[in-house]
Each structure stands twice: as C-alpha cells, then as structure tokens.
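For reference, the structure discussed in these notes is given below.
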Amino acid sequence: IRSSDGLLRIDLNKKKLDKETLTAAKLARQEGSHLLSSAGSRQYL
Amino acid sequence: GGSNDDIVPLDNYLDTQYYGEISIGTPPQNFTVIFDTGSSNLWVPSSKCYFSIACYLHHRYKSAKSKTYKKNGETCTISYGSGQIAGFFSEDNVLVGDLVVRNQKFIETTRETSPTFIIGKFDGILGLGFPEISVGDAPPIWQSMKEQKLLENDVFSFWLNRDPDASAGGELVFGGVDPKHYKGSHTYVPVTRKGYWQFNMGDLLIGGQSTGFCAGGCAAIVDSGTSLLAGPTAIVAQVNHAIGAEGIISTECKEVVREYGEMILQLLIAQTSPQKVCTQIGLCVFDGTHSVSNPIESVVEKQNRGSDLFCTACEMAVVWIQNQLRENKTKELILDYANQLCERLPSPNGESTVDCHQISKMPNLAFTIANKTFTLTPEQYIVKLEQAGQTMCISGFMAFDIPPPRGPLWILGDVFMGAYHTVFDFGKNRIGFAKSA
C-alpha cells in the first residue's frame, strides 16, 4: 500500500524450495536448452 | 513464427520462491504473480483457455466481467523451459498495491503446455525487465507507471527475506527504497545492455583468493525469477572444490591435465597469452578474440563433440593453472589441483549437494562489483531443502555457460538478492546493491 513516504509496497510471499521442484526445474531447463540449440542462430538466452 | 508472433524463450519458473498479488480489471480480479526481473511481459490465464489443465488450476481473467477491458487481440507465443505459452494481448487497468495502472497491455494465455504452470503456486508472471525483451512491444508495468507519472522516483527495489522462520517473504517497493530493509548505502553500477538488468561484474573470490575466470570482467544479470546463482563452469568447479560439493568426473578434463598440463604450464610461464594457449597446443582454434573448438573436425559429428570437450577442458585448465601460478605454487601442486577440479565439474543445469554439517567450515565467497566486494557467507549461499522430513543442503551455485560475445555470464538470482537489497533504477539505468537488513 502506498504510504506517507510515497512508496508503494507490495508484500511478497515465500514458498519453501524442495528437491522435487528443483529436479523438475532441472529437467525443464534441459528441455529448454534443446529448444534453444535447435533455434540455431537466435540470440536469446 | 507467423508475422504477428513474437517468440522469446524465457527461464522456467519452477524453482521460484517469491510471489505476490495484483488485480486486473474493474471490478478487480485477483492474481498471484511472480515479479520477475528476467522477463518483461505481464501474463495471466484467460477464461478462454479451455485445453490446458494449468488454466483450470489457477485464477482466470474474464474480460467480459471488466468494465475497463479493451480488446487488442494480437496473438503471441512465449517459449520457456520445456514448453510454451500462447495467447493474445488485451488491455485493462492493473492494480498494483493501491496504484491503478491504466490500460496496461498484457497477455491472456489460452494455452500453457508445461507442468511448470500446473505445479506452480502462481497464476502468471509480471515481468520487470526492459521493453527490449518484451513480446509484442508491450510496455513493462514500470514503464506504464512512469508514463502515467504514478511514481515519486523512477525506481523499484526488492527486499527478499532469507529468514526461513519469518512469515514475511519479502517486499517489492515501487517509487523508492525502504530504508528499513538495507544497511549502509547502495553501490550502483550502470546497466550495460538493456533487455535484462545486465551489468559488468568482476572476479569471484573464494576465501579471498581470485578464481581468475572473470577477473577481466563478466556480464551479470539480476533475475528475481531464479532461485540460485548460475555462472561459468570453470568457476563453479572451483566453488565445488572449496565447499566439498559433489561433481561429475570429466575424463576429457583429466586427459587434458595429464597430457597437456605441463605444456600449458610452460606456455603460461613463457608469457603466452592465456587466450592462445589451447590454440598453440592444437585443442582449439583462435578466431581472433577467443578460442573455439576446431572446425576442421566438424565433418565428423562424433569427433567434433570430442574436440569441443577437449577445447573446453583445456580453456578451464588454463584458467585454473594460471591462477595457481599467481600464487607461486609448485608444478606438482598446480597439476594436482587442476586434476582435482576435473572431479568437481558441476553437472549442467544441476544442483550439487553438500554436507550440512560442514557449512560452518566453508569459506566466504565474494563477488566484485564496482571494485567493491559483495560477500556471501556459507549460510547465505548454501540452500537448505526439506525432503521427506529430512534437511538436505545444496550449493547455491549452478553451472551455466554462455559463449562470447554475450557471455560469459552470471545470473544472480534470489540467493544473491536475499543477501543484497537491490534497486532497479530505470530513470538512471543503473542497479544498486546494499547489504540486506
């Protein structure tokens, strides 16, 4: 909420990391790198 | 893609920890989004998304129920991780905190083809990168805020709470910085390439010692949509060695050290430019700026893959050996160290586990930014995970190699942003870091 100091504050929630989501993230990234390498000369990350 | 399609591959968001609430439309429809400095579009699932499970598990935007909705209809596709999001642009008022951003262009997704968005606790993503990487030229929300003169100062800042027991996850502040959440003053660096929040970073020090590879400077991007830190394999292997993290053994690396280690050593002692050492040995060719694997062998795919590995291993060995030479180590010690590092190579895109009981014995690591050191203690760079009621520890460093000219590149995710309160100054195109409080 915007306060008297003129700042707009947004609260962030936090989710605990767990092994399963990290493993899934790793697999997703590996898939992603295949996509990127097949994209050839695209300059994206 | 089609003429009206923009395709920009993004990071995946499975390992993201921090998210917050926004509303779209009148009356407001609430969505949980990741505030992501590594992308620039705002998207949420659409009520017109019928064939993706992820859409049914999350809040969906219903344009028919919003009095302030404006049709756009331009289609778009965003590639990320293992799948794609497809949808179309719409415009509506977006409520961020108590601030109404009018006529914000955003994507209503109609297809989400990845488990990422089924598992994710968030409905969509709010990109805080630059317009240069925005699909469909949609302005990022900070740009709309600026144009509509909604902010006191043209900045936003992140405080991420790393206290595992605290209920508050963190705070994103638009229009300034919250003095409660940092100590001292910020060190600012200019944005060197717009798109991502990219700047030039220097060396990584392990226990005060240089790791060499980025001593001459490496690019770095600050990415709130990534949990860990990702950087060049040659450095992450040294981190792994220093903290006892598991790694994969590279036979090519060991072979290079065994067969060519002494030659590399001699060439470096003879003041050969480090960039040309692997070329002189014949494992790489020099393209004028840096070494690349030998293209002559590229006609045989298998050989080419092999020569790539030997060239990469050689380049890493050169950095490691050069670094050890600076410390006046003996030949035997240097080659032994390089051989040990070959057993600590991080698996690409993988995390490395460490012994939780050894955290107090691990060294501090420090990034050099604007000639100042930004230290990370082991408690800050080791991430604790819960698995089946047991705590396991992983290194916050992952290997991620981007070739020149774009790389080598560091991605500073939540592990770094948790330790350092970060200011994104789009008025002056600079990024500021101060110790988090």
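Residue numbering restarts at 1 for every chain, and letters A, B, ... go by the order of the sequence lines.
Remark: side-chain polar atoms of Lys14(A) are not paired, donor with acceptor, to backbone N or O of Gly170(B) under 3.5 angstrom.
There is no contact between Ile22(B) and chain A, counting heavy-atom distances below 4.5 Å. Residue contact with chain A, scored on non-hydrogen atoms closer than 4.5 Å, involves the backbone of Val177(B) exclusively. Heavy atoms of Asp178(B) lying under 4.5 Å from chain A belong to its backbone as well as its side chain. With a threshold of 4.5 angstrom between heavy atoms, Phe35(B) approaches chain A through side-chain atoms but not through N, CA, C or O.
Note that the CZ atom of Arg9(A) and the NE2 atom of His181(B) stand 8.0 Å from one another [nearest 0.5 Å]. To the nearest 0.5 Å, atoms CG (Leu12(A)) and CG (Asp414(B)) are separated by 9.5 Å.
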Test side chain to side chain contact (heavy atoms under 4.5 Å, CB included) on Asn13(A) and Tyr18(B); report intermediate values, then the result.
CA-CA 6 Å; Asn13(A) 298 315; Tyr18(B) 297 91; over 6 Å; no
Residues Ile10(A), Phe174(B); criterion side chain to side chain contact (heavy atoms under 4.5 Å, CB included); working and verdict
CA-CA 8 Å; Ile10(A) 316 290; Phe174(B) 284 98; 4.1 Å; yes
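At a threshold of 4.5 Å between non-hydrogen side-chain atoms, the residues Val173(B) and Leu8(A) do not count as touching.
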